A.B. asks: 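If you scroll down you'll find the structure; I have some questions about it.
Being a predicted model, the structure only gives us computed values, none of them experimental.
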Amino acid sequence: MSLKAARVNAGYSAKEVGEIIGKNYQTILKYEQDSSNIPLDLGKQLSKIYEYPFNYIFLGKKIVLKQYKEIS
């Protein structure tokens, strides 16, 4: 599952998540597009907020996930 999907499934907007963790919502959106360099502590914090296991969140570029879905 992507970071965006985990957020949406948890019922949060990017602005709400940004307020919870003390970051600008644009930072959240940036990592949803490309999470390949997301700090580990931020990834785990988001995982906890979304109540979704960190190991099951796709980390990488959104375009790669889209291509993978098309192939499989």
A.B. asks: Going hydrophobic residue to hydrophobic residue with side-chain gaps under 4.5 angstrom, can you get from Y56 over to V8?
C.D. replies: no

A.B. asks: Nearest 0.5 Å, please: how far is CD in Q26 from NZ in K15?
C.D. replies: 11.5 Å

A.B. asks: Roughly how far apart are I49 CD1 and K44 NZ, rounded to 0.5 Å?
C.D. replies: 14.5 Å

A.B. asks: To which residues is L29 joined in a hydrophobic cluster, defined by side-chain heavy-atom contacts under 4.5 Å among Ile, Leu, Val, Met, Phe, Trp and Tyr, whether direct or through other members?
C.D. replies: Y25

A.B. asks: Do the side chain of S35 and the main chain of G60 share a donor and acceptor less than 3.5 angstrom apart?
C.D. replies: yes

A.B. asks: Looking only at heavy atoms, what is the nearest atom pair of Y31 and I38, with distance?
C.D. replies: CE2-CA, 3.5 Å

A.B. asks: If you round to the nearest 0.5 Å, how far is OH of Y12 from CG of L46?
C.D. replies: 11.0 Å

A.B. asks: Quick one, L59 and F54 - any side-chain contact, counting heavy atoms below 4.5 Å?
C.D. replies: yes

A.B. asks: How far apart are the closest heavy atoms of M1 and A5, and which atoms are they?
C.D. replies: CG-CB, 3.5 Å

A.B. asks: Are the side chains of I21 and I28 in contact, using a 4.5 Å heavy-atom criterion?
C.D. replies: yes

A.B. asks: Can you see which heavy atom on S47 is nearest to which on P53, and at what distance?
C.D. replies: OG-C, 3.6 Å

A.B. asks: Quick check: do N9 and Y52 have side-chain heavy atoms less than 4.5 Å from each other?
C.D. replies: no

A.B. asks: Taking atom CG of L3 and atom CD of Q33, what is their separation to the nearest 0.5 Å?
C.D. replies: 10.5 Å

A.B. asks: Does some side-chain heavy atom of E32 sit less than 4.5 Å from a side-chain heavy atom of R7?
C.D. replies: yes

